[in-house]
Each structure stands twice: as C-alpha cells, then as structure tokens.
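Data block below; observations after.
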Amino acid sequence: MLTDTSTSRPTTQVRPTTTTGRRRHDDAPDTMALFARLAGLDEGPERDALRDELVTAWLPMAHRIAGRFRDRGESLEDLRQVAALGLVKAIDRFEPERGAFESYAVPTITGEVKRHFRDRMWALRVPRRVQELRNKVRVARRELTQNPGSPEPTPADLAAHTGLTEDEVTTGLEALESFSTLSLDAELSAGDDGYSLADTLGAPDTSYDVVVDRESAKEGLRRLPERERAILYMRFFEDMTQSRIADQLGISQMHVSRLISRSCARVRDEALADRARRQAADGPGEA
C-alpha cells in the first residue's frame, strides 16, 4: 500500500517586500503598470480617469498617514482631506523610473499634513521662525523628560540640548502656550474681585494725539500775523469768549469769529500740507 510520507504544514502569510527589502504595507497596491501608462498619456478624459483610479487605490494609505496625527486638535476627517490632497500631488509629480511610489508618496503626504498644522492650526499667524523654535523646544523638552523622575528642564538645559540661545528658548516656550487664543472675556481670577483679560489691557491715550496735533500746528501758528496769534491764544489758552476778545481789541465780535475761523483753517491746511510732503519724501512704504 502506498502511503503519502509528506506532512502538511500550515502556511505562513508573508507581506510582500519592496526591491530594497523593506516590507510593504497592506495598503500599498502594485500600480507600477498604471503609473507607466499614466506617464505616456496626454491631458484628457482617459488620463483623468486613470489618475482617479490611482487615487482610489492609494487612498487607504493616505488615510493611514492622516491617522498618525489624530488627537492634535484637528478632526480626523479634515486630516484625511489634507492627506488626500497630498496624495494627488504625489501622483501628479511621481516619475515611475525613480522607484517605488510609496517611497515618494509617504513623505509627500506627511509633509502636506505637517504643513497644514503649521499654517492653518494657529489661531494667530505666527512667523515661521517662531514655529520652528517652538518645535525644537518641544522635542528637546520631551527628550529631556522621557526618563521617569526627570526634572523639568530649565531654559539653560534646553539651550544646551538644542544649541539655541536662552532668548530663543524663551521664545519657543512662549510659543508652546500660544497655539490657541484666549477670549478677552476669560476670567483670570476666581475670587470676589475677579477680573477678565480685557481688564488688564491698556487703552489708547488720547494725549498722544494732542501732542501730535500741537507739534503739527506749531509752524503754522508761528507764521500767523501777531494779532491773529493773540486772538487764538486768548480764545483757546485763556478761554476768553469772542465778545471779551472783541472788547479788548476794539473790534466786533463777528470780526473776531471770522479771524478765528480763517486762522484755524490756515494752520490746519499748512499742517496737512507738511504731512503730505513728508510722506511723499519718505515714500509710500513709510506712510
């Protein structure tokens, strides 16, 4: 009697690998033939349809990358939209002869998501330099406190670890707390004497405008005839009525009124003309 001496062993599923030996993910389909075909097509309906097919095939990978950034203050659906945009950019720019699409697409999509956080997630627009300082300080603080029991690093510790100056570290630390804004109505004190953030802010000082106007009018006042300067002084500095001024100068009250109006208009026109000349000399960027 013939017997089968072979033993049946369970088969092991092995994920396919790339040509470089790295394991491919389950959401990395083999689409090299499609990309080669896409590269040879001109703009038109056929190319658009093939491009849509590639987007659909690789969309699960884009969603996986978006999932890495969940719980950072942005909804997963919005992150998937951003990742999908990065995927479309990667498909449009990919050159099949350069190698595997996944190697090109992953950093492209990841960069698009990171750019979204950098440019869109700040409540106020923060300079790129400050954002980079924030990221360096955040990473350094995480590295210095990763061991249990590690003390909170000081700005000097962070500066030594990152190679930044302490002023730069301070700027980065302030940016860590500035990702979102605080309402002006937010209560800063819980006691009976509670006050809001708005209560701590200063208000414009109208005295500055008075100083500016006074300095602007000085030259025009100096160029007025002596009698008109005297009338303006009595009216606006000694607070005399037009009738009293008229009695003191021996002229009619109506004449005093006309002189005041004419003098004020002349001083104002000369002050505005001087300002216009200065702005023209400084250029439009300095206005």
Side-chain angles (χ1 to χ4, degrees), residues 6-123 125-140 142-143 146 175 179-180:
S6 64
T7 58
S8 59
R9 298 178 181 176
T11 58
T12 302
Q13 296 293 330
V14 179
R15 289 182 178 179
T17 58
T18 63
T19 55
T20 59
R22 292 188 308 162
R23 285 189 176 184
R24 294 170 60 93
H25 290 89
D26 294 336
D27 53 20
D30 183 6
T31 55
M32 290 303 294
L34 295 179
F35 275 113
R37 181 182 163 199
L38 183 72
L41 292 176
D42 294 329
E43 294 292 338
E46 184 180 359
R47 191 180 193 282
D48 291 341
L50 185 57
R51 181 170 172 262
D52 291 342
E53 183 178 348
L54 286 167
V55 170
T56 301
W58 286 95
L59 197 57
M61 183 194 70
H63 288 173
R64 171 171 57 82
I65 295 174
R68 299 175 184 172
F69 297 87
R70 68 171 71 233
D71 302 327
R72 296 193 185 184
E74 184 70 302
S75 70
L76 181 59
E77 184 59 34
D78 287 344
L79 290 176
R80 286 181 171 182
Q81 292 291 334
V82 175
L85 175 61
L87 171 62
V88 172
K89 290 182 178 180
I91 290 174
D92 288 341
R93 300 170 184 172
F94 177 60
E95 299 175 5
E97 63 273 11
R98 293 294 186 91
F101 175 71
E102 185 180 9
S103 300
Y104 177 77
V106 169
T108 301
I109 297 171
T110 303
E112 191 71 24
V113 177
K114 289 182 176 180
R115 190 176 303 110
H116 172 77
F117 278 97
R118 186 192 71 206
D119 296 339
R120 304 292 183 185
M121 291 299 294
W122 292 80
R125 186 69 177 90
V126 177
R128 176 74 176 274
R129 172 181 169 276
V130 176
Q131 295 183 30
E132 292 175 348
L133 290 176
R134 171 188 179 271
N135 291 334
K136 289 180 180 179
V137 169
R138 177 175 56 82
V139 171
R142 183 179 62 202
E143 292 174 350
Q146 62 184 353
F179 196 72
S180 59

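When a residue number appears, it is its place in the shown sequence, counting from 1.
Looking at every heavy atom in both residues, A66 comes nearest to A83 through CB-CB, 3.9 Å. Looking at every heavy atom in both residues, V55 comes nearest to L87 through O-CD2, 3.6 Å. A pairwise comparison of heavy atoms in A36 and P96 identifies N-CG, 4.2 Å as the closest pair. Across all non-hydrogen atoms, the minimal contact from F69 to T110 is CZ-CG2, 3.9 Å. The shortest non-hydrogen separation linking G67 to L76 is CA-CD1, 4.0 Å. In terms of heavy-atom proximity, I65 sits nearest to V106 at CD1-CA, 4.0 Å.
For the pair R134/V130, no side-chain contact is recorded, criterion being any heavy-atom separation below 4.5 Å from C-beta on. Using a 4.5 Å cut-off on side-chain heavy atoms (C-beta onward), R47 and L38 make contact. Residues M61 and I109 are in side-chain contact: their nearest non-hydrogen atoms beyond the backbone lie under 4.5 Å apart.
Residues satisfying the salt bridge (Lys or Arg N to Asp or Glu O under 4.0 Å) criterion with E46, sequence neighbours excluded, are R37. Taking the side-chain contact (heavy atoms from CB on, under 4.5 Å) definition, one finds that A84 meets it with L59, sequence neighbours left out. Taking E77 as the reference, Q81 meet the side-chain hydrogen bond (donor to acceptor under 3.5 Å, both in side chains) condition, with sequence neighbours excluded. Listed by chain and number, the residues in a side-chain hydrogen bond (donor to acceptor under 3.5 Å, both in side chains) with S75 are D78 (sequence neighbours excluded). In this structure E143 satisfies the salt bridge (Lys or Arg N to Asp or Glu O under 4.0 Å) test with no other residue, sequence neighbours excluded.
Aromatic ring pairs are classed by plane angle as parallel below 30°, tilted from 30° to 60° and perpendicular above 60°; the pair F35 and F94 is perpendicular.
Separation of atoms OG1 (T31) and CZ (F101) is listed at 7.0 Å; rounding is to 0.5 Å.
Applying the salt bridge (Lys or Arg N to Asp or Glu O under 4.0 Å) test to residues at least two apart or on different chains, the pairs with a partner in residues 81-95 are R51-D92, K89-E112, E95-R98.
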